[in-house]
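Please read all numbers here as calculations on a predicted model, not as lab measurements.
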Amino acid sequence: MLNDYIEHYWLLYVIIFGVGFGIALFLTPWSRVISIALGAVAKPSPRGMHKKPIPRMGGLAIVLGFMAAMVVALFFMEELRTLQFAGFIVGGIIIVGLGMLDDIYELKAGIKFAVQIVAALVVVFTDTRIIFVGWPLQEVFTTFSIPITILWIVGIINALNLIDGVDGLAAGVTSIAALFLTVLCIMTGSPLAVVFAAALAGSCLGFLPRNFSPADVIMGDTGSTFLGYVLAVSSIIGVYKSYAALSVVIVVFALALPILDTVFVSIRRVLSGKAPWRPDRGHLHHKLIDRGYSQKQTVVILYIVSIIAGGIAILIAVQDIRAVIIGLVLMLVLFSIIYAYRKRVGDRDKSGKSDESE
């Protein structure tokens with residue numbers, strides 16, 4: 001059955017990926033012009049990596065690339081002609097509108113959270129919910145499925161927003177996560193989720209050439225919150241309903257970098273007496289740069305971490321325990337190498353020698 005499914009849709013998935021990629025690639029320069037015209041320009045700040053103003057509504061190119069791919073998919077897939085898909089699109093429009101306003105006017109955190117919850121409610125009440133099948137506490141989780149789903153959607157939206165602090169990081173990490181989610185959703189036989197993930201991966205990769213360091217446009221909240229929204233909904237539709245108790249572990253590994261970075265940063269802020277949403281330079285990408293890595297080195301390292309984590313998610317899904325252990329060991333080795341390099345850079349700085357990093 002899975003073979004028939006793959007044979008029937010694989011070409012369409014490639015086309016959807018290509019449409020998202022091509023439209024985003026073409027529209028990225030135009031998104032820069034629109035950003036400047038609307039006043040959506042990020043100014044230099046102590047937390048930021050840019051030393052001069054930069055247009056920050058480039059995420060429009062990603063959104064339009066994704067939506068173009070959805071239009072193509074609608075002509076060929078009956079699975080998209082549903083209330084669930086309509087709810088997803090309406091929620092996405094709300095998130096994009098909120099992101100655009102934030103990029104222009106810099107809205108308060110409370111307003112953003114409230115609107116994100118509204119978008120999540122639209123998704124929930126159009127039949128997209130996290131359901132844990134086969135759990136010992138299934139009845140409890142079913143009872144609280146609505147707040148759990150809302151928390152998941154809003155959490156992933158903000159997790160992607162928070163890692164968007166270095167040129168090319170959010171777009172690249174999302175591309176990697178979306179590609180792995182595409183594979184996972186193909187394995188579970190969820191065409192709707194496959195279409196979402198494939199279109200998102202293509203759109204992000206189309207945006208990346210103009211966003212990689214040194215970037216001439218950034219995605220802003222228009223892009224980063226939309227990326228989180230699509231990843232969150234894709235994971236619910238394609239993974240959470242298919243792997244029972246393993247689903248949490250699989251999704252956490254597939255989206256490991258934004259999830260774990262956000263969790264650890266939030267815990268650290270709370271323990272230090274700060275609000276978890278208060279910005280600082282405590283994210284992993286900030287730490288790597290402060291330790292001597294250039295922006296490009298930092299982004300490549302975090303790409304590798306995302307690839308290894310996504311690979312582990314696939315291995316967990318196919319229940320290859322030995323390969324999972326090997327993957328975890330590789331990740332530990334990678335972090336050991338990173339730590340050793342950082343220590344060497346620190347020693348070199350103390351001795352008065354210069355660092356070649358950007």
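- In this structure the side chain of Arg81 reaches within 4.5 angstrom of the side chain of Leu74, judged on heavy atoms.
- In this structure, Leu231 and Leu181 have side chains that are in contact, with non-hydrogen atoms separated by less than 4.5 Å.
- Aromatic ring centres of Phe253 and Phe180 lie farther apart than the 6.0 Å criterion allows.
- Across every non-hydrogen atom of Thr126 and Gly87, the tightest pair is OG1-CA, 3.3 Å.
- Smallest separation of non-hydrogen atoms from Ala171 and Phe207: CB-CD2, 4.1 Å.
- Ionic pairing of Arg56 and Glu106 is present here: one or more N-O contacts between side-chain nitrogen and carboxylate oxygen are shorter than 4.0 angstrom.
- Using a 4.5 Å heavy-atom threshold, the side chains of Ile153 and Tyr229 count as touching.
- Inspection of the Asp103 and Thr222 side chains reveals an N or O donor paired with an N or O acceptor under 3.5 Å.
- Between Ile148 and Arg129 the shortest side-chain heavy-atom distance does not fall below 4.5 Å.
- Contact check for Leu184 versus Thr188: no side-chain heavy atoms found under the 4.5 Å cut-off.
- Looking at Gln84 and Thr128, their side chains do bring a donor and an acceptor atom within 3.5 Å of each other.
- Residues Cys204 and Leu227 approach most closely at SG-CD2, 3.5 Å, considering heavy atoms.
- Residue Asp167 comes nearest to Gln295 through the heavy atom pair N-OE1, 3.4 Å, listed as atom of the first residue, atom of the second, then distance.
- Residues Val300 and Leu179 share a single hydrophobic cluster, defined by chaining ILVMFWY side chains whose heavy atoms lie under 4.5 Å apart.
- Looking only at side-chain heavy atoms (C-beta outward), Ser234 and Leu200 stay at 4.5 Å or farther from each other.
- Judged purely by atom type and a 3.5 angstrom limit, Asn211 uses its side chain to pair as donor or acceptor with the backbone of Gly168.
- Put simply, the side chain of Pro55 reaches to within 4.5 Å of the side chain of Ile36, judged on heavy atoms.
- Looking at heavy atoms from C-beta onward, Leu98 lies in side-chain contact with Leu107 at the 4.5 angstrom threshold.
- In terms of heavy atoms, Ser35 sits closest to Val41 at O-CG2, 4.3 Å.
- Without hydrogens or angle criteria, Asn161 side chain to Ile157 main chain gives no donor-acceptor distance under 3.5 Å.
- Here Asp102 pairs with Lys112 under the salt bridge (Lys or Arg N to Asp or Glu O under 4.0 Å) rule; sequence neighbours left out.
- Here the closest heavy-atom approach between residue Ala215 and residue Ile54 is recorded as O-CD1, 3.5 Å.
- No donor-acceptor pair closer than 3.5 Å links the side chain of Thr225 to the backbone N or O of Gly99.
- When the ring pair (Phe, Tyr, Trp, His ring centres under 6.0 Å) test is applied to Phe226, the partners found at least two apart in sequence or on another chain are Phe66.
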